[in-house]
There are 2 protein chains.
Amino acid sequence: MERRGEQRTTMTTIKDVAKRAGVSVSTASVALSGRGPVSEATRRRVLEAAKALDYRPNAIARSLVTRRTQTVGLVLSDITDPYFHEITKGVEHVLSAAGYALILADTDRSAAKERRSLEIFEGQRVAGIILAGSGTEDEAAPLDLKGDGIAVVTIGRHHAGLPFVAVDNVKAAGQAVAHLAETGARRIAFVAGPEGLLAAEERREGYLAALKERGLPSCPEWIVRGDFTPQGGHRAVAELLERCGRGACPEPDAILAANDQMAIGVLKGLKERGIPVPEEIAVAGIGGIPTGEFVDPPLTTVALPMKAMGEAAAGMLLEMIEGGRRKARPSVWLETHLLVRASTGAGRA
Amino acid sequence: MERRGEQRTTMTTIKDVAKRAGVSVSTASVALSGRGPVSEATRRRVLEAAKALDYRPNAIARSLVTRRTQTVGLVLSDITDPYFHEITKGVEHVLSAAGYALILADTDRSAAKERRSLEIFEGQRVAGIILAGSGTEDEAAPLDLKGDGIAVVTIGRHHAGLPFVAVDNVKAAGQAVAHLAETGARRIAFVAGPEGLLAAEERREGYLAALKERGLPSCPEWIVRGDFTPQGGHRAVAELLERCGRGACPEPDAILAANDQMAIGVLKGLKERGIPVPEEIAVAGIGGIPTGEFVDPPLTTVALPMKAMGEAAAGMLLEMIEGGRRKARPSVWLETHLLVRASTGAGRA
DNA sequence: ATGAAAGCGCTAACAT
DNA sequence: ATGTTAGCGCTTTCAT
């Protein structure tokens, strides 16, 4: 055991290691990194000294001279939203396996916080940034990054001219509508996501397109705005049931929510009103979050490959970082798939 | 607009700013940091130059000389576990508000990954580390940190001799048992957490103590081991119902799960068997995760102040970091509170 | 194969 | 009030 806590503030440096091994600092550096010519004997001595002193290379100092860091930043709009959990996990896995540190920033969907986070990232000289979840306002900030040689990959923001990992939201919504129609639904309502959010708009678009394609009726009152939270979904049912059936629009026999969180709120609202799901109204979501399996009835949904999205984004980023600027950066579309559960199941059609 | 992308690799430095402002580098530094005497005129000139050049101070270089960073590491066992979501949010908020960057590490409950993460943190010279969720094995690694002047705060690991933020798990389990008993339960089963996990063991202990205190019967077969996941809870009911009612132990009329995730799995298992909750068997959890509100029936639980725990831990850490080593570091116990919902509600007693 | 020297971008004495 | 100097811990030519 080494003595500790004697001179608390100063960690052991490469200088200490060199001294103990009886070599120069530069030789120690070369020996430690294994990236240069060293005699086997000194290499061993240096390594021993390092171990004995519990030497931990100072990444700060290294970065200053090499002008590269082993850190990447992840920006997301709300770490509390299940959509980001598997994504974050996937990102973290790939990154930590490659020896990179992951800096996390939660923007709370505020463009100001996003900008601030990006500034901190720049200050930290992160090697790359992953942007997950669209900020609701300006896209200018991300674009600024292109200037200073920081690699950027986005998840689900396949505009903005940046490399991306994404799913086809239009298609995903279409898959849900198709399934609903096949189980007998004729009057499909839609709980939309927050305005200005790309994924939300695309799903809405996909819903409308699918209705048209299948010749299903569409009605403005069947579309109600939500905010991607369960509470939002809960409010949405109330609004939906209140305004339908009176005017031109009859009550829907199915509800598609733009994400699972809202679908779960919808389920709750329906249950409170004693409306049986799926017998009277079928419900489906988009997302594939774990909770969907445990609500009642279990939620049919279009699952997004969230972990894979995180892994893919991190992988692309690492290639860009390590392959240098010339490296190709093919954006990628990942597949979604329908997950049929009871909320659209038995008892219908 | 400034020109960009001309010399891609080099960001503007303080030297550029100084030159443009027509002052020395040190004057620029002083002016920028506002921590020294400068004439109003030069201060303005420097700031203008910085803005014009879109200057972003290099935190790396600054850290190297000041020997302090504005980064803290958060280690948790599984970012996918809802327990950590609000905690992470709380931590992130406090930290980013103070201008600190948050480095996240997910250990997957592997001691090896935890150790590796801590090494990366040390390499990054983080100013502090928050340890959330016990690693299942050795506590040696965290202790090593005390050597090199890195502030450490734990969440829910109030052993290990480190400052902590925690809840009284024994009491929390007791609250649940008390409530269950008050609603008429006499035979309370327990779905325990993973072996070796502090919180899990304490809740088990609290469960047993509460039974004894209230003179409620206890039976070894009423305790079944889970793993803190919904699937684990689901398996646990199966095991419980299979082995009870045959031997010495009658079927339970209530099930307390050591966390909400498992309680949700229990609910699902019960539903599949057509056992009405809470009429025949009441169910409660510990945690207070958002999902509990949306399962059927909504889950009664003992809520832990997760966001506050994250905020408190981050706050303590910042005090330790900025107040220097002398600063007092009072560990804190936060209160839990019972959240009564339908899974133990109407239809009972 | 090894060492001396320079320098990454910044801050912090110390002069002026 | 401003500039000069030194140096944080490391990597990297360049000599030897």
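Here is the naming used below: chain letters follow the sequence lines, and residue numbers restart at 1 for every chain. Just so you know, these numbers use all the heavy atoms, side chains as well, and skip hydrogens, waters and symmetry mates.
- In this structure, A:Ser24 reaches the C:dG3 phosphate: one of its side-chain N or O atoms is under 4.0 Å from OP1 or OP2.
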- Can you check salt bridge (Lys or Arg N to Asp or Glu O under 4.0 Å) on B:Asp81 and A:Lys89, steps first, answer last? CA-CA 11 Å; B:Asp81 183 335; A:Lys89 185 123 192 160; over 6 Å; no
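- Note: CE (B:Met11) to C1' (C:dC8) measures 15 Å, nearest angstrom.
- Which of C:dC8, C:dC10, D:dC10 sits closest to the side chain of B:Tyr55 comes down to C:dC10.
- One finds the CD1 atom of B:Ile321 at 9.0 Å from the CD atom of B:Gln70 (value rounded to the nearest 0.5 Å).
- Projected onto DNA chain D by closest heavy-atom contact, B:Val30 and B:Arg125 fall at different nucleotides, the more 5' of which corresponds to B:Val30.
- Look at B:Thr42 and you'll find a side-chain N or O under 4.0 angstrom from OP1 or OP2 of D:dT2.
- Per the geometry, CZ belonging to B:Arg56 stands 12 Å off P belonging to C:dC10, to the nearest Å.
- A:Ser77 places no side-chain N or O within donor-acceptor distance of the main-chain N or O of A:Arg109, the cut-off being under 3.5 Å.
- The residue A:Val23 sits close only to the backbone: its heavy atoms come under 4.0 Å of sugar-phosphate atoms, none of a base.
- Contact annotation for B:Ser33: no contact, since no heavy-atom pair falls under 4.0 Å across all strands.
- When the options A:Val165, A:Val91, A:Val153 are evaluated for a side-chain contact (heavy atoms from CB on, under 4.5 Å) with A:Leu317, the one that passes is A:Val153.
- Within the 4.0 Å cut-off from OP1 or OP2 of C:dA12, at least one side-chain nitrogen or oxygen of B:Arg35 is found.
- When the side-chain nitrogen and oxygen atoms of A:Thr27 are compared with OP1 and OP2 of C:dG3, one or more of them lie within a distance under 4.0 Å.
- Atom CD1 in B:Ile155 sits 7.0 Å away from atom OH in B:Tyr83 (nearest 0.5 Å).
- When rounded to the nearest whole Å, the span between CG of B:Asn58 and P of C:dT11 equals 9 Å.
- The CG atom of B:Leu32 sits 9 Å away from the P atom of C:dC10 (whole-angstrom rounding).
- Rounded to whole Å, the distance from CG on A:Asp16 to P on D:dC10 is 9 Å.
- In this structure, B:Arg45 atom CZ and D:dT2 atom P are separated by 8 Å, rounded to whole Å.
- When distances are taken from the side chain of A:Ser26 to each of C:dG3, C:dG9, C:dT2, the shortest belongs to C:dG3.
- For A:Ser39, a side-chain nitrogen or oxygen approaches OP1 or OP2 of C:dT2 to under 4.0 Å.
- With rounding to the nearest 0.5 angstrom, the CD1 atom of A:Ile14 is 13.5 Å from the NZ atom of A:Lys19.
- Listed nucleotides: C:dG9, D:dG9, C:dT2. Nearest to the side chain of A:Val38: C:dT2.
- When heavy atoms are screened at a 4.0 angstrom cut-off, B:Thr13 is found touching the sugar-phosphate backbone but no base atom.
- Note on B:Arg67: a side-chain N or O is less than 4.0 Å away from OP1 or OP2 of D:dG9.
- Side-chain proximity of A:Leu64 to D:dG9, C:dA1, C:dG3: nearest is D:dG9.
- A:Ile14 has its CD1 atom 14 Å from the P atom of C:dA4, to the nearest Å.
- When the nucleotides D:dT11, C:dT11, D:dT2 are ranked by their closest atom to the side chain of B:Arg62, C:dT11 comes out on top.
- The side chain of B:Pro37 lies closest to D:dA1 when the candidates are D:dA1, D:dC10, C:dT11.
- For the pair A:Leu53 CG and D:dG9 C1', the interatomic distance rounds to 15 Å; values are reported in whole Å.
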